Amino acid sequence: MIITLIRIFIYIPLGLALRVSQPYRVVGKEGEVPFRCSFSSKLKPEDMQVSLYKGLHGRERICSAYVNLSEPYFTTDGPVNCRGNMSSGRVDMIIAGLRGNDTDLYRCEIEILFPPPYLRTIGNGTLVYIQENPNCPTASTQTQSQSQSQTSEREAIENDVGPLPLLYALLIITSCSLILQMIACKWRVSSATAPMLSQKESYMKF
């Protein structure tokens with residue numbers, strides 16, 4: 001009887017064993033990574049706790065969420081946040097807020113809270129590679145910057161040179177008006193002195 005009970009307590013948990021599998025490698029862009037935790041169990045879990053840990057043996061928890069069949073969608077807060085949903089045999093999520101130096105091994109932990117018995121297993125890990133955009137300018141950005149600099153230089157030249165033609169025109173008009181005034185003054189002086197000379201000449205004849 002005791003041996004039978006021991007076998008029952010040993011084999012029932014083994015038959016209900018929870019297994020978690022993860023992809024070997026995923027690549028993220030612009031700080032976001034698609035991540036999937038697949039699980040298999042003879043139980044049909046209704047309430048679960050999903051947690052994500054960084055590092056092969058580390059216990060740095062990135063995010064953790066409680067999910068159930070009635071509310072399969074979840075979102076976590078923080079510098080690195082996770083959003084996703086639970087479906088049959090898997091949890092799909094998006095990890096956001098990662099940078100290039102966050103490239104590491106990430107492990108998914110699944111805890112079945114209901115129905116009993118309580119089961120907990122952590123996956124073997126997924127290598128998460130975060131791509132970062134280099135700061136080096138591309139050909140398009142170089143062309144755009146060159147065109148912008150040429151446009152700004154042209155506008156600066158136009159702004160600098162713009163008043164010069166107007167200034168030249170004013171100088172020419174002013175010079176012409178002065179010359180005309182000088183000519184007019186000389187003509188007036190000459191016309192005024194001419195009768196006086198003719199009177200003097202006529203007086204000397206007498």
Side-chain angles (χ1 to χ4, degrees), residues 1-138 140-141:
M1 181 70 180
I2 296 175
I3 296 174
T4 305
L5 291 174
I6 292 173
R7 286 178 178 176
I8 289 173
F9 282 111
I10 291 176
Y11 288 114
I12 286 180
L14 288 177
L16 298 175
L18 173 65
R19 295 179 178 84
V20 177
S21 59
Q22 301 177 219
Y24 171 71
R25 180 175 178 266
V26 293
V27 178
K29 291 183 179 180
E30 297 180 355
E32 291 193 349
V33 179
F35 201 89
R36 173 176 292 179
C37 299
S38 301
F39 59 91
S40 61
S41 175
K42 290 188 177 180
L43 289 174
K44 186 178 180 181
E46 297 180 13
D47 298 329
M48 294 194 328
Q49 185 79 20
V50 181
S51 303
L52 190 65
Y53 294 90
K54 181 180 179 181
L56 180 59
H57 302 291
R59 298 298 295 174
E60 181 184 354
R61 187 163 63 181
I62 302 301
C63 59
S64 182
Y66 171 79
V67 291
N68 56 34
L69 291 178
S70 60
E71 296 180 0
Y73 297 97
F74 63 90
T75 303
T76 64
D77 297 327
V80 178
N81 56 80
C82 302
R83 64 183 186 273
N85 68 297
M86 167 190 172
S87 58
S88 178
R90 71 186 191 190
V91 177
D92 295 308
M93 67 180 79
I94 299 292
I95 311 170
L98 297 176
R99 298 182 179 180
N101 55 5
D102 292 320
T103 297
D104 206 331
L105 196 71
Y106 289 78
R107 296 177 300 154
C108 182
E109 182 185 66
I110 301 290
E111 298 174 80
I112 296 181
L113 306 176
F114 187 84
Y118 169 81
L119 297 175
R120 171 185 171 275
T121 305
I122 193 165
N124 53 0
T126 298
L127 177 61
V128 175
Y129 174 68
I130 310 299
Q131 290 183 346
E132 284 192 336
N133 294 327
N135 294 326
C136 300
T138 60
S140 60
T141 56

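Just so it is clear, the values below take in all heavy atoms, side chains as well, and ignore hydrogens, waters and symmetry mates. Note that the coordinates shown come from a computational prediction; the quantities given were computed from them, not determined experimentally.
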Interatomic spacing from CD in Gln22 to OG in Ser38 - rounded to 0.5 Å: 9.0 Å
Please output the side-chain donor-acceptor pairs of residues 70-81 that fall under 3.5 Å, not counting sequence neighbours, one pair per line with the distance.
unit_1 : atom_1 : unit_2 : atom_2 : d
Ser70  : OG     : Asn68  : OD1    : 2.9
Thr76  : OG1    : Cys82  : N      : 2.7
Thr76  : OG1    : Cys82  : O      : 3.3

Heavy-atom side-chain contact between Tyr106 and Leu127 under 4.5 Å: no
Minimum heavy-atom distance between Leu43 and Pro117, given as atom pair plus value: CD1-CD, 4.0 Å
Reported CZ-to-CG distance for the pair Phe114 and Leu69, which is rounded to 0.5 angstrom: 10.5 Å
Pairwise distance CD1(Ile110) to CE(Met86) - rounded to 0.5 angstrom: 8.5 Å
Partner of Tyr53 under side-chain contact (heavy atoms from CB on, under 4.5 Å), chosen from Ile62, Ile122, Leu105: Ile122
Minimal non-hydrogen separation, Pro115 against Pro45, with atom names: CD-CA, 4.1 Å
Euclidean distance, Arg107 CZ relative to Asn124 CG, rounded to 0.5 Å: 10.0 Å
Derivation and outcome, side-chain contact (heavy atoms from CB on, under 4.5 Å), residues Leu113 and Glu46: CA-CA 8 Å; Leu113 306 176; Glu46 297 180 13; over 6 Å; no
Atom pair CD1/CZ of Ile112 and Phe39 - distance to nearest 0.5 Å: 6.5 Å
Nearest-0.5 Å distance, SG of residue Cys108 to CZ of residue Arg90: 13.5 Å
Atom of Ser41, atom of Leu119 and distance for their closest heavy-atom approach: OG-CD1, 4.1 Å
Verdict with reasoning, Val50 to Met93, per side-chain contact (heavy atoms from CB on, under 4.5 Å): CA-CA 10 Å; Val50 181; Met93 67 180 79; 3.8 Å; yes
Min side-chain heavy-atom separation Leu52-Phe35 under 4.5 Å: yes
Tyr118 and Glu111: side chain donor to acceptor below 3.5 Å: yes
Val128 backbone acceptor or donor facing Thr126 side chain under 3.5 Å: no
Qualifying residues under side chain to side chain donor-acceptor pair (under 3.5 Å), relative to Arg120, sequence neighbours excluded: Glu109
Any donor-acceptor N/O pair, Arg83 side chain to Ile95 backbone, under 3.5 Å: no
Thr121 side chain vs Leu18 backbone, donor-acceptor pair below 3.5 Å: yes
Test item: Ile94 and Val33 side chains (from C-beta on) under 4.5 Å apart, heavy atoms: no
